Amino acid sequence: MGKLHNTSLVWLLLSLLSQFCSGKQKVPAIIVFGDSSVDSGNNNFIPTVARSNFEPYGRDFFGGFPTGRFSNGRIPPDFISEAFGLRPTVPAYLDPSYNISHFAYGVCFASAGTGYDNATSSVADVIPLWKEVEYYKEYQQKLITHLGKAKANEIIGEALYLVSIGTNDFLENYFAFPQRQCEFTIQEYEDFLIGLAERFLRGLYALGARKVSLTGVPPMGCLPLERTMNLLEDHGCVEKYNDVALEFNGKLGDLVRKLNRELDGFQVVDANAYDLVVQIITQPSSFGFEDAREGCCGTGRFEMGFLCDPNSPFTCNDANKYVFWDAIHPSEKTSQIVSNYLVQTHLAKFL
Ligand SMILES: *[C@@H]1O[C@H](CO)[C@@H](O)[C@H](O)[C@H]1NC(C)=O
Ligand SMILES: *[C@@H]1O[C@H](CO)[C@@H](O)[C@H](O)[C@H]1NC(C)=O
């Protein structure tokens, strides 16, 4: 840990220095698409049960305030925005307490429970990915009205786009319901999703995006909820799901290389944190954690969303000791470790 701290300090100083010398931030805004891994609260403003705008969510956020983030505190876009010298939080586009003056520096279109597949967003009635893009188009118009065409286009072209999505397509959809399993083998379904990811990324490019960070899926079989259901293997990680995650992430990496070759000026980064998350889960104590099997909230075995009860006597006292905050989502501390790693490695070239 000591070594990690020193490197981050040097990196922080260097990045401050480079911003000071160039007099201008290279990335003027953070723009976010995806699911609950990056949703800062859009679902609070649509009729869905996939929500987290109540206690104990947000208890370690600024002011101890539940925001709709599926975390005890901040999530990766917040940390990444801060690391790029922007605001410490990225607001949700549908939140009426923010307007285009705030969104010019960072905006989140993500929706918990969504996926690449339209059928995934239908499960919990959340915002499909195509609709996130429609909101983004509306945002571009507001930005032009607010700042004029030249400045708006500069922000659109220089912004860093964070995309994190895919887990729900497998866990909420393919492995949970028969429909897609009847239509596709798992490999075919992965390829179907890759096709949708390609269509989405080409769409972003056509709309002016150039710098994109694409994050695939985590070791899904090690999420506490999946371990809880893994009765036959003494609640170990579900290897089948981890294998799918590895295979899917590999295909995403191929897609990234292809798009970078084919689309002039497109800089997509394969922001894969799978190995780091496996390392955190298998050696939690070397990252300062005490528990990597259960979430902090409730018993930690199945609770998330509305099941995360503010009055549960089982909820842990210190979420920093837990890799997971609820049965699916990382704790704020895990998000911070993963974000620091992504900024220092995959995203460093944009700093
Ligand atoms: C946005 O809201 C702030 C107050 O939070 C206000 O000062 C500002 O004028 C608003 N901007 C626009 C473009 O409405
Ligand atoms: C998802 O739904 C949108 C809106 O209805 C549609 O435009 C798009 O083609 C659909 N995607 C697929 C793969 O069916």
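All ligand and atom numbering here is 1-based and tracks the order in the structure. Since this is a predicted model, take the numbers as computed values, not measurements.
When heavy-atom distances to ligand 2 are checked against a 4.0 Å cut-off, Leu196 comes that close only through its side chain, counted from C-beta outward.
At least one heavy atom of Arg199 sits closer than 4.0 Å to an atom of ligand 2.
Of all protein heavy atoms, the one lying nearest to atom 3 (C) of ligand 1 is Asn99 ND2, 3.7 Å. Nearest protein neighbour of atom 11 (N) of ligand 2, counting heavy atoms only, is Asn118 ND2, 3.0 Å.
Seen from the ring of Tyr174, Arg180 does not count as a face-on cation partner, given the 6.0 Å and 45° thresholds. Relative to the six-membered ring of Tyr57, Arg69 misses at least one condition, a distance below 6.0 Å or an angle of at most 45° to the axis.
Residue Ser101 places at least one N or O, backbone or side chain, under 3.5 Å from an N or O of ligand 1.
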Report all side-chain donor-acceptor pairs from residues 268-281 shorter than 3.5 Å, counting only partners two or more places apart or in another chain.
from   : atom 1 : to     : atom 2 : distance (Å)
Asn272 : OD1    : Tyr274 : N      : 2.9
Tyr274 : OH     : Asn242 : O      : 3.4

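For Tyr189 and Gln181, the side-chain atoms include no donor-acceptor pair closer than 3.5 Å.
Closer than 4.0 Å to atom 7 (O) of ligand 1 lies none of the heavy atoms of the protein.
Ser81 pairs in a side chain to side chain contact (heavy atoms under 4.5 Å, CB included) with only one of the listed residues (Val32, Leu162, Val90), which is Val90.
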